[in-house]
Colleague: 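Structure provided below as structure tokens; questions to follow.
Source: prediction; values computed, not measured.
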Amino acid sequence: MIEQDRQRVPMPVVAAAMIATLAVVLAASLIFASIEGIVVGLLVVALFLALAYGLWRGSRHALFWTTVIVNIIFVIGVLGLRFDPWGALPQTVGALLVFGLVRWPASSRRWFRDLPAAKGQEGAGLLPEARRAG
């Protein structure tokens, strides 16, 4: 068996990052449809890509801001269900799915808890067993 000194990204976190990236593509296609939305669209794309990358790297700040933004998106989606059920439903379900994937599974919670906050810490990126042994 090959010894690994770095943790693999848990599948729920990978799925949440992929959903956030898909949301970027969908949001960009809708926002970039008008010339006025280009600046807003670029900001939305940059924000979602930064959050997806932060989740992938195990950033606790990205986890916090993803939770905040996903909750806002969820509330807006629930309120929008009254006016446009088929347009707001994917938004609501996607927000709930991302929230559940980064907060519920034990592997996701471990991913954000076990990684050190600063790069210079001893044992950065090592498996928990390797940290205890080393």
Colleague: Once rounded to the nearest 0.5 Å, what's the spacing between atom CH2 of Trp56 and atom OG1 of Thr21?
Modeller: 9.5 Å
Colleague: Taking the side chain as everything from C-beta on, heavy atoms only, tell me whether Pro105 gets closer than 4.5 Å to Pro10.
Modeller: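 Pro105 does not reach Pro10 side chain to side chain.
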Colleague: So do Val9 and Trp111 actually touch side chain to side chain, heavy atoms under 4.5 Å?
Modeller: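 Yes. Closest side-chain heavy atoms under 4.5 Å.
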Colleague: Please check: side-chain N/O of Ser108 versus main-chain N/O of Leu101, any donor-acceptor pairing under 3.5 Å?
Modeller: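 It does hold such a pair.
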Colleague: Transitively linked via ILVMFWY side-chain contacts under 4.5 Å: Ile76 with Val44?
Modeller: yes
Colleague: Okay, side chain of Trp65, backbone of Leu47: is any donor-acceptor separation there less than 3.5 Å?
Modeller: no
Colleague: Ignoring hydrogens and angles, tell me if any N or O in the side chain of Gln91 forms a donor-acceptor pair with the backbone of Phe74 under 3.5 Å.
Modeller: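 Pair absent, no side-chain N/O of Gln91 close to backbone of Phe74.
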Colleague: List the steps, then state whether side chain to side chain contact (heavy atoms under 4.5 Å, CB included) holds for Leu55 with Phe112.
Modeller: CA-CA 8 Å; Leu55 290 175; Phe112 294 106; 3.6 Å; yes
Colleague: Could you tabulate the donor-acceptor pairs under 3.5 Å formed by side-chain atoms of residues 92-100, not counting sequence neighbours?
Modeller:
from, atom 1, to, atom 2, distance (Å)
Thr92, OG1, Gly77, O, 3.4
Thr92, OG1, Ala88, O, 2.8

Colleague: Are Phe83 and Val75 linked, directly or through intermediate hydrophobic residues, by side-chain heavy-atom contacts shorter than 4.5 Å (ILVMFWY only)?
Modeller: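 Val75 and Phe83: separate clusters.
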Colleague: Could you report the tightest heavy-atom contact between Ala16 and Val102, atom names first, then the distance?
Modeller: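 Of all heavy-atom pairs spanning Ala16 and Val102, the closest is CB-CG1, 3.6 Å.
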Colleague: How close do Leu89 and Leu81 get, counting heavy atoms only, and between which atoms?
Modeller: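 Leu89 and Leu81 have their closest heavy atoms at N-CD2, 3.7 Å.
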Colleague: Not counting sequence neighbours, which residues clear side chain to side chain donor-acceptor pair (under 3.5 Å) with Thr67? List them please.
Modeller: Arg103
Colleague: Same cluster or not: Trp86 versus Val78, using hydrophobic residues (I, L, V, M, F, W, Y) connected whenever any side-chain heavy atoms lie under 4.5 Å apart?
Modeller: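 Not linked; separate clusters.
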Colleague: Using the rule that two of Ile, Leu, Val, Met, Phe, Trp, Tyr join whenever any of their side-chain heavy atoms come within less than 4.5 Å, decide whether Leu49 and Ile72 are in one cluster.
Modeller: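 Yes; Ile72 is reachable from Leu49 via cluster members.
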